[in-house]
Amino acid sequence: MIDLAQLRREPEFVKAALARRGVSHETVDAIVELDSEHRRLLQEAEGLRAQVKDLSRQVGEARRAKADDVAGSLSTTSREVGERERLASAALDAVAETLRAQLLMIPNLPSPEVPDGADESANVEVRRWWVGIENGAEFPTFMAHQRVAHWETASDLGILDLEAGAKLAGSMFPLYRGDGSRLLRALSFFALDRHRDAYEEIRPPSVALTETMMSTGHLPKSADDMYEIPRDGLWMIPTAEVPLTSMNRGEILDESMLPIRLTALTPCFRREAGAAGRDTRGLLRVHEFDKVELFAYCTPAQAEAAHADILARAEGLLRELGLTYRVLELCAGDLGTSSARTIDLEVYSPGVDRWLEVSSVSWFRDFQARRANVRFRSSEGTQFVHTVNGSALAWARVWAALVETYRQPDGTVTLPQVLAPYFGDVTIRPRP
RNA sequence: GGAGGGAUGACAGAGCGGACGAAUGUACCGGUCUUGAAAACCGGCGUGGGCUUGCCCACCGUGGGUUCAAAUCCCACUCCCUCCGCCA
């Protein structure tokens with residue numbers, strides 16, 4: 001949620017910032033208008049309520065003074081004022097509800113350093129990385145045996161069974177088996193171990209209440225992108241960001257507790273409604289995947305470092321895995337609803353010759369904290385925390401890139417050594 | 001799923017129609033005392049909102065209702081605890 005006080009203080013600045021991500025001036029003006037109407041009604045209703053309270057006090061005094069006739073007439077007056085107060089409050093509630101609904105649809109202000117642009121084509125590539133680049137190595141030349149799509153290799157090796165997944169849950173719900181399943185588990189354990197030094201591991205529920213989804217900004221805007229369980233008022237989480245951001249919902253933290261850094265391995269569920277028919281082969285786009293998320297509540301002053309730390313950890317994992325990747329700064333038009341700044345990591349997948357998004361590291365400023373009402377107490381008073389988060393990493397596509405990058409001429413896969421302690425071995429051979 | 005008990009400030013815990021935004025204790029912050037600290041004593045100490053910045057309004061799990069007036073009475077719901085049932 002954007003800051004209404006800021007909107008009142010500097011409406012032109014807010015409008016200009018939101019225009020960068022496609023929000024019209026009219027939309028913002030409508031909110032300014034509603035806000036002033038809201039305040040007008042608020043004053044009216046509160047004035048009447050103050051009268052009722054004062055009259056009621058006098059009724060009590062009159063009763064105690066045994067002046068029953070006075071008490072009776074005061075009661076009558078109070079009842080009349082109360083009736084007017086009820087009407088004013090009803091009008092107030094209606095305006096407040098409209099204002100709230102419109103405010104919830106407004107995305108966050110992009111950070112000044114975010115580049116202009118309407119969609120992903122305007123994202124800015126910050127850097128690329130591959131094994132040996134520090135020593136001047138050129139972009140890797142991938143061999144013919146690496147130019148095989150992961151779904152083919154996986155099928156040959158019997159480590160991914162998309163048909164079985166489709167039979168159970170429909171297409172784009174992958175079923176991993178044998179070494180494929182073991183690899184997935186190895187990746188998660190590997191990542192969680194790498195974050196243990198600074199991030200507390202959490203295992204949250206995989207479903208969340210509507211209210212919880214509101215806090216991160218996934219509702220009301222992205223309802224179509226999520227799986228809903230209407231009977232219980234629940235939604236399948238699209239990312240661990242959802243539960244982690246709401247862990248301290250409604251609380252006032254002490255500044256000394258910050259930053260609070262959390263990590264969680266969860267399944268992530270996405271309907272991918274807007275992407276029907278696109279990138280449907282193999283693991284390019286799936287409805288369910290495992291992801292290790294990094295998250296922090298911090299002070300505004302800590303936010304930049306916290307964001308950088310998450311990015312460094314996500315990149316660090318890709319480097320340890322020896323994968324080729326690039327770093328993108330998202331343009332204003334491609335930012336998620338709640339984000340002020342986002343940096344994506346895309347891994348290069350030689351078999352399909354594509355860059356695949358495997359991490360999104362975002363800084364939300366106080367946008368989510370305002371919705372979730374998470375604050376901290378400091379010497380300068382109570383203020384909203386900043387939230388930052390990022391994947392480190394989302395495994396389905398990493399799994400695909402590993403299978404392609406490390407495919408050997410004989411069709412087996414030799415995994416990087418860092419996974420040996422977790423995988424038990426480094427070789428994936430055909431399932432007998 | 002059934003029966004009972006509970007939810008109040010950072011924490012503990014009173015209040016059960018009117019002077020209650022809320023006793024008391026602890027914690028915390030300031031002061032007195034002290035060489036310093038502790039103890040003792042004194043004072044302060046919730047959050048949000050509105051505007052005429054001094055006042056007003058809201059908040060005692062959540063949402064409704066009764067009343068001139070609700071933390072307090074009524075209804076529904078949520079969560080926690082105890083017992084029974086069921087269950088991995």
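Naming: A, B, ... by sequence-line order, numbering from 1 per chain.
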Where the side chain of A:Thr382 is concerned, which of B:G50, B:G18, B:U47 is the nearest nucleotide? B:U47
Against the side chain of A:Ile252, the closest entry in B:U47, B:G18, B:A69 is B:U47
Quick one: A:His38 NE2 to B:C57 C1', roughly how many Å, whole number? 12 Å
Looking at every heavy atom in both A:Phe364 and A:Ser338, which two are closest together, and how far apart are they? CD2-O, 3.2 Å
Would you say A:Lys53 reaches B:C68's phosphate, i.e. side-chain N/O to OP1/OP2 under 4.0 Å? no
The side chain of A:Ser56 lies closest to which of these nucleotides: B:C68, B:G49, B:C57? B:C68
For the residue pair A:Phe295 and A:Thr245, what are the closest heavy atoms and their distance? CE1-OG1, 3.3 Å
Taking only N and O in the side chain of A:Arg375, is any of them less than 4.0 Å away from OP1 or OP2 of B:G48? yes
Looking for any heavy atom pair under 4.0 Å, which part of the strands does A:Ser78 touch: base, sugar-phosphate only, or nothing? sugar-phosphate
Suppose we define a pair by two distances each less than 3.5 Å, Watson-Crick or G-U wobble; what does B:A12 pair with here? B:U24
A:Arg57 CZ - B:A69 P separation (whole Å): 13 Å
Please give the nucleotide sitting opposite B:U52 as a Watson-Crick or G-U wobble pair, both distances under 3.5 Å, or none. none
Side chains of A:Gln6 and A:Asp3, donor plus acceptor under 3.5 Å: no
Any A:Arg39 side-chain nitrogen or oxygen under 4.0 Å from OP1 or OP2 of B:C51: yes
Base, sugar-phosphate or nothing for A:Leu74? Non-hydrogen atoms, less than 4.0 Å. nothing
Report the base-pairing partner of B:C59 (Watson-Crick or G-U wobble, both distances below 3.5 angstrom), or none. B:G46
A:Glu251 CD to B:G48 P, straight-line distance once rounded to whole Å: 15 Å
So what's B:C33 paired with, Watson-Crick or G-U wobble, going by both distances under 3.5 Å? none
Of all the nucleotides listed (B:G18, B:A58, B:G49), which has the minimum atom distance to the side chain of A:Arg49? B:A58
Assert yes or no for the condition that the ring centre distance of A:Trp399 to A:Tyr176 is strictly below 6.0 Å. yes
Verdict with supporting geometry, A:Asp161 and A:Lys167, salt bridge (charged side-chain N to carboxylate O under 4.0 Å, His left out): CA-CA 10 Å; A:Asp161 192 339; A:Lys167 177 157 64 178; over 6 Å; no
Quick one: is B:G50 close enough that its OP1 or OP2 comes under 4.0 Å of any side-chain N or O from A:Arg40? no
Spacing between A:Asn373 atom CG and B:C59 atom P, to the nearest angstrom: 17 Å
Does B:G4 pair with anything, Watson-Crick or G-U wobble, both distances under 3.5 Å, and if so, with which nucleotide? B:C81
Whole-Å distance separating the CZ atom of A:Arg249 from the P atom of B:U47: 21 Å
At under 4.0 Å between heavy atoms, what does A:Arg8 touch on the DNA or RNA strands: base, sugar-phosphate, or nothing? sugar-phosphate
Between A:Asp69 (CG) and B:C68 (C1'), how many Å, whole number? 15 Å
Is there a side-chain contact between A:Ile31 and A:Ile106 (heavy atoms, below 4.5 Å)? yes
Of B:C51, B:C68, B:A58, the nucleotide closest to the side chain of A:Arg79 is B:C68
